[in-house]
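One structure is given here, and the rest of the page talks about it.
All figures in this text were calculated on a predicted structure; none of them were measured in a lab. Order of appearance sets the numbers: ligands from 1, and atoms from 1 within every ligand.
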Amino acid sequence: MKRYAVIGQPVAHSLSPTIHKAFAEAAAITLDYQALAIDAADLAARLAALHGEGWAGFNVTLPHKQAVMALCQDLSDAARRAGAVNTLIPTPGGWHGDNTDGTGLVQDLARLGVTLAGRRVLVLGAGGAARGIIAPLLATRPASLTISNRNPWKPEALSEAFADLGTLTPRTHWALKGDAFDVVINATSAGHSGAMPPMPEGLFADGAVAYDLSYGKAHLPFAEWTTAQGARTVHDGLGMLVAQAAESFRLWHGVTPDAASVLALLRAD
Ligand SMILES: NC(=O)c1ccc[n+]([C@@H]2O[C@H](COP(=O)([O-])OP(=O)(O)OC[C@H]3O[C@@H](n4cnc5c(N)ncnc54)[C@H](OP(=O)(O)O)[C@@H]3O)[C@@H](O)[C@H]2O)c1
């Protein structure tokens, strides 16, 4: 039986095994999918050993998404642009690294009927997840793409790094005062500490949609803030999680799974 896993530390909480087993069952594919806890210090040696043991692929989660890049034999454009790898595919000589996070976000927004083309899009946060979604967001041809962050240098750096793909307006959160957006995407991890960063009022244009990469309890502060600020709808990032997994599944198996039905299963739990 082909063996797959999500690697990270900690990783026991990961929903990836549940998601991939559900995809496989629906596609009548037999596989084993585990969660493997690997310490950062052991990453290089473990990946080499796992390759030798014939594992068929890995998803990569925190804290290894950036570090694993240097251990790949080659990288997809998406991984290179994102500066991170979330999917590993074995090659005869090592690992091919890919990144499906940005595709997952854009696919989930499409599933929700959120149009990006011609819209004013704001991304809050400029960490690893924000970097991973910029190229796919620019490819949808928004009217504008603004990145705001607590640390002012990170959006500036992203704006330079992606200049060949389009214009990215760098801001601090407070410098957004007076601007309005049609789609507001939260890519900060602030919700994990139970709070929204302080933000100016009036960022939501009429009918604006809000999307949070976080889900579960970490989504609640953004949900409360966006609702109070008049967003028409707010979505959590569980759909993105399932959609990025679906794209990994497609890369491994050549089959596009039904992300929506697996998302419905997770929501019912
Ligand atoms: N749904 C999915 O499939 C999916 C996929 C990937 C990531 N995510 C989620 O996306 C979020 C971001 O992940 P990441 O990998 O980008 O993390 P990261 O690289 O650590 O970046 C964290 C970002 O959040 C900001 N931030 C953190 N705490 C803050 C606070 N108290 N106030 C203001 N800003 C704060 C940081 O700002 P500074 O630069 O100023 O520190 C930075 O921009 C996480 O919640 C993660 O779970 C979801």
Side-chain angles (χ1 to χ4, degrees), residues 6 8-11 13-16 18-20 59-69 78-79 81-87 98-109 111-112 114 122-137 146-159 161 168 170-176 184-200 203 210-223 225 234-249 259 262-263 266-267:
V6 55
Q9 184 63 285
V11 79
H13 66 285
S14 173
L15 291 171
S16 292
T18 305
I19 294 170
H20 279 274
N59 285 126
V60 184
T61 188
L62 299 176
H64 303 321
K65 284 172 120 171
Q66 278 90 20
V68 91
M69 287 183 77
R81 281 287 184 187
V85 160
N86 79 340
T87 305
D98 209 330
N99 192 312
T100 63
D101 279 340
T103 305
L105 171 68
V106 170
Q107 285 181 355
D108 197 45
L109 288 168
R111 176 187 67 83
L112 294 164
V114 178
L122 169 64
V123 173
L124 305 177
R131 188 182 179 102
I133 63 177
I134 289 171
L137 285 176
T146 302
I147 307 277
S148 78
N149 197 47
R150 180 175 60 176
N151 169 332
W153 307 114
K154 288 189 191 171
E156 297 277 353
L158 290 178
S159 157
L168 211 167
R171 290 273 184 272
T172 61
H173 297 318
W174 278 107
L176 295 169
V184 177
I185 298 170
N186 181 30
T188 74
S189 56
H192 290 279
S193 49
M196 263 300 289
M199 301 291 298
L203 296 180
Y211 189 99
D212 194 354
L213 267 56
S214 295
Y215 48 87
K217 266 193 185 164
H219 169 60
L220 298 179
F222 183 70
W225 173 69
V234 53
H235 305 280
D236 71 9
L238 195 61
M240 172 180 167
L241 181 79
V242 175
Q244 61 78 27
E247 186 58 13
S248 295
F249 191 92
V262 173
L263 177 59
L266 292 181
R267 295 238 188 255

- Please work out which of R150, H192, M240 has its closest non-hydrogen atom nearest to atom 34 (N) of ligand 1. R150
- Item | Candidate with minimal heavy-atom separation from atom 40 (O) of ligand 1, of N151, I147, L62, D101 | N151
- Check whether any N or O atom of G125, backbone or side chain, sits under 3.5 Å from an N or O atom of ligand 1, and answer yes or no. no
- Can you tell which part of A187 has a heavy atom less than 4.0 Å from ligand 1: side chain, backbone, both or neither? backbone
- Item | Of L124, V114, I133, the residue whose pairing with I185 passes side-chain contact (heavy atoms from CB on, under 4.5 Å) | I133
- Message: Would you say that N59 contacts T100 through its side chain, given a criterion of any heavy-atom pair below 4.5 Å between the two side chains?
- Response: no
- Can you sort out which atoms of ligand 1 are near L241, meaning under 4.0 Å from one of its heavy atoms? 1 (N), 3 (O)
- Could you name the option among A129, A243, A126 that has the heavy atom nearest to atom 15 (O) of ligand 1? A129
- Query: Does R131 approach ligand 1 within less than 4.0 angstrom via side chain, backbone, both or neither, non-hydrogen atoms only?
  - Reply: neither
- Where is the nearest protein heavy atom to atom 21 (O) of ligand 1: which residue, which atom, and how far? G127 CA, 3.4 Å
- Query: Going by heavy atoms, is G104 under 4.0 Å from ligand 1?
  - Reply: no
- Item | Heavy-atom gap S214 to ligand 1 smaller than 4.0 Å | yes
- Check: S189 N/O within less than 3.5 Å of ligand 1 N/O: yes
- Between the side chain of R81 and the main-chain N/O of A161, is any donor-acceptor distance below 3.5 Å? yes
- Message: Quick test: of every protein heavy atom, which one is nearest to atom 10 (O) of ligand 1, and how far off is it to 0.1 Å?
- Response: L213 CB, 3.7 Å
